[in-house]
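Each remark here refers to the structure printed beneath this line.
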Amino acid sequence: MGTGLSHFRGFVAESFRDEGRVEGRVESRGEGILRILAVRGVAVPDAARQRITACTDLAVLDVWFERAITAPTVDAVFDES
């Protein structure tokens with residue numbers, strides 16, 4: 001007789017897979033921002049690099065990614081105005 005836990009195990013496994021995908025996208029987006037800035041020759045001080053790599057909000061990283069394409073400085077990437 002089954003315990004009925006197979007559905008629960010599947011749900012938990014799915015949740016971890018989804019979480020891993022988000023973490024992978026976050027990490028990739030941060031790396032992309034840093035790569036764009038490097039290719040463009042924009043200096044990225046350690047504090048800014050840490051801010052980018054520590055960010056876990058994909059929506060914020062998406063905004064920074066788009067700004068990195070044209071921003072003249074790393075401060076312009078973070079500019080809230």
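All residue numbers in this chain count up from 1 along the given sequence. Fair warning: this is a prediction, and the values are worked out from it, not measured in the lab.
Residues in residues 29-49 take part in no ring-ring contact (aromatic ring centres under 6.0 Å, His included) pair, two or more places apart or across chains. Within the structure, ring-ring contact (aromatic ring centres under 6.0 Å, His included) pairs that include any residue of residues 28-59 do not occur (at least two apart or interchain). Evaluation of the salt bridge (charged side-chain N to carboxylate O under 4.0 Å, His left out) test over residues 40-60, restricted to residues two or more places apart or in two chains, returns none. The salt bridge (charged side-chain N to carboxylate O under 4.0 Å, His left out) contacts involving residues 60-81 comprise R29-D62, where partners must be two or more places apart or lie in separate chains. Among pairs with a residue in residues 21-53, none fulfils ring-ring contact (aromatic ring centres under 6.0 Å, His included), at least two apart in sequence or across chains.
With sequence neighbours excluded, the residues satisfying side chain to side chain contact (heavy atoms under 4.5 Å, CB included) with E27 are E31. Taking the side chain to side chain contact (heavy atoms under 4.5 Å, CB included) definition, one finds that A38 meets it with nothing, sequence neighbours left out. Looking at residues two or more places apart in sequence or on another chain, you find a side chain to side chain contact (heavy atoms under 4.5 Å, CB included) between A48 and V44, P45, V74, F78.
Rounding to the nearest 0.5 Å gives a distance of 11.0 Å between CZ of F65 and CG of L58. Put simply, CG on L34 and OG1 on T53 are 7.0 Å apart, with the number rounded to the nearest 0.5 Å.
Minimum heavy-atom separation, V77 to A71: CG2-CB, 3.7 Å. Of all heavy-atom pairs spanning I36 and A68, the tightest one is CG2-O, 3.3 Å. Contact between L61 and I33 at its shortest, heavy atoms only, is O-CD1, 3.5 Å.
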